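Below, each value reflects all heavy atoms present in this structure, side chains not excepted, and no hydrogens, waters or symmetry copies. What you are looking at is a predicted structure, and each value in this text was computed from that prediction instead of being measured.
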Amino acid sequence: MNVFYDKDCDLSPIKGKQVAILGYGSQGHAHAQNLSESGCTVTVGLRRGGASCNKVEAAGLKVADVNDAVKGADIIMILLPDESIAQVYSENVAPQAKQGATLAFAHGFNIHYGQVVPRADLDVIMAAPKAPGHTVRSTYSQGGGVPHLFGEQAVLCGGAVEPLHELKLIVDLIYEGGIANMNYAISNNAEYGEYTAGPKIVTADTKNAMRQCLKDLQTGEYAKSLMLENRAGAPTLIARRRLTAEHPIEEVGARLRAMMPWIAKNKLVDQSRN
Ligand code: NDP
Ligand code: MG
């Protein structure tokens, strides 16, 4: 897998271009502010009277109607909720976009499922951050960034690597402001998946298994098992520790962490010291 960093990229081709960012939600505010601070010319396209117009102005960015933002743009980054994209594309983007403009998305959904069939002259690209928009913004502000990986590659690398690292991003959002705070920051698409997939994973069986674990603690069954384990020289602990260390999630995880240098800077655990 090839991974490109800031130093591998030349921003000059985009600097002379007009960039329209449609939407100023979780991803929209991050892309608009990050690009603007990187020296690009950004116009945020929004519907008139919507809740986010004031936020754009407060951030000192240019805001326009979706049609006007699209008209002059060389690059049109569509950062609207996935369920609104097809309609805005057909009503505003397709009729207004200039010949040969580039259409950009942060999610493959609308293109992959044929909800948007782009005009033949438009280029189509994807820049899909593997993080909530608020993290895309905060890491940029700290001089870093978040990885943009294709799902297929992530799956090839071992599917669980993605949740392993995104887990913290999600937990941080919950820790800061509860589940509603997380749902605000993630896309409606991800939130819908939360409601439909979650209950398929955490089922009545899972809850029964958890109840059983609690019972084992209360009756002393767990304590008995731990004492027997230790009396036997901790064979389960030692074997499982080795198996976990050899698991691909740990090998790939170490490679992924090496690409995110800020993690090491704020380490809680230094095995030589604590
Ligand atoms: P949000 O739900 O945060 O987008 C809300 C913004 O879209 C608001 O500015 C809203 O304006 C505007 N908007 C909504 N409907 C319309 C409309 N019909 N016309 C004009 N403006 C409209 O989106 P996300 O940032 O969550 O998602 C954007 C894209 O990024 C999606 O493709 C998503 O899959 C992808 N993505 C999102 C991630 C995330 O962290 N959230 C992670 C990775 C990818 P108003 O104030 O007027 O309502
Ligand atoms: Mg949301």
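- How far CD1 of I238 is from CZ of R241: 7.0 Å, rounded to the nearest 0.5 Å.
- When the shell of 6.0 Å around CD1 of I179 is examined, it contains 12 or fewer heavy atoms from other residues, nucleotides or ligands.
- Note: the hydrophobic cluster containing I186 also contains I174 (ILVMFWY, side chain heavy atoms under 4.5 Å, direct or indirect links).
- Atom-to-atom distance recorded for I85:CD1 and I111:CD1 is 9.0 Å, nearest 0.5 angstrom.
- The closest side-chain heavy-atom distance from K130 to V146 is not below 4.5 Å.
- Remark: D65 CG to R48 CZ distance equals 4.0 Å, nearest 0.5 Å.
- Side-chain contact check for Y192 versus E83: every heavy-atom pair is 4.5 Å or farther apart.
- Contact of the K62 side chain with the V42 side chain is not registered, since no non-hydrogen atoms from C-beta on lie closer than 4.5 Å.
- At a threshold of 4.5 Å between side-chain heavy atoms, the hydrophobic network of Ile, Leu, Val, Met, Phe, Trp and Tyr places L80 and I76 in one connected group.
- Without hydrogens or angle criteria, D74 side chain to Q18 main chain gives a donor-acceptor distance under 3.5 Å.
- Looking only at distances, a side-chain donor or acceptor of D121 sits under 3.5 Å from a matching main-chain atom of G100.
- Residues P118 and Y89 are in side-chain contact: their nearest non-hydrogen atoms beyond the backbone lie under 4.5 Å apart.
- Between atom CD of residue Q33 and atom CZ of residue R137 there is a gap of 4.0 Å, rounded to the nearest 0.5 Å.
- In this structure a side-chain-to-backbone donor-acceptor pair under 3.5 Å is missing from H31 to G28.
- The CD1 atom of I75 lies 4.0 Å from the CD1 atom of I14; values are rounded to the nearest 0.5 Å.
- Between the side chain of S187 and the backbone N or O of A190, at least one donor-acceptor pair lies under 3.5 Å.
- M182 is not listed as a side-chain neighbour of E191, based on a closest heavy-atom distance of 4.5 Å or more.
- How far SG of C53 is from CZ of R47: 9.5 Å, rounded to the nearest 0.5 Å.
- At a cut-off of 3.5 Å, with distance as the only test, a side-chain donor of D216 or Q212 sits close to an acceptor on the other residue.
- D6 CG: 12 or fewer foreign heavy atoms inside a 6.0 Å radius.
- Within 6.0 Å of the CD atom in E251, the count of heavy atoms belonging to other residues, nucleotides or ligands exceeds 12.
- Between the side chain of T203 and the backbone N or O of K200, no donor-acceptor pair lies under 3.5 Å.
- Between Y184 and H134 the shortest side-chain heavy-atom distance falls below 4.5 Å.
- Between the side chains of S138 and T135, no donor N or O sits under 3.5 Å from an acceptor N or O.
- A single hydrophobic cluster is not seen to contain both L22 and V19; linkage of ILVMFWY side chains at heavy-atom distances under 4.5 Å, directly or through other members, places them apart.
- Residues I21 and L11 are members of one and the same hydrophobic cluster, defined by side-chain heavy-atom contacts under 4.5 angstrom among Ile, Leu, Val, Met, Phe, Trp and Tyr.
- Annotation: Y113, atom OH; neighbour count of heavy atoms from other residues, nucleotides and ligands within 6.0 Å does not exceed 12.
- In terms of modelled atom types and a separation under 3.5 Å, the side chain of E229 and the main chain of L237 share a donor-acceptor contact.
- Of the residues listed (I125, D82, V124), the one engaging F105 in a side-chain contact (heavy atoms from CB on, under 4.5 Å) is V124, and it is the only one.
- Contact annotation: the side chain of T139 never approaches that of M260 to less than 4.5 Å [non-hydrogen atoms, C-beta and beyond].
- Shown here is M210, whose CE atom has no more than 12 heavy atoms of other residues, nucleotides or ligands within 6.0 Å.
- Linking Ile, Leu, Val, Met, Phe, Trp and Tyr whenever their side-chain heavy atoms come within less than 4.5 Å puts L256 and I263 in one cluster.
- Open room surrounds NZ on K17; 12 or fewer heavy atoms of other groups in view lie less than 6.0 Å from it.
- If you check the side chains of S12 and D10, you find a donor sitting under 3.5 Å from an acceptor.
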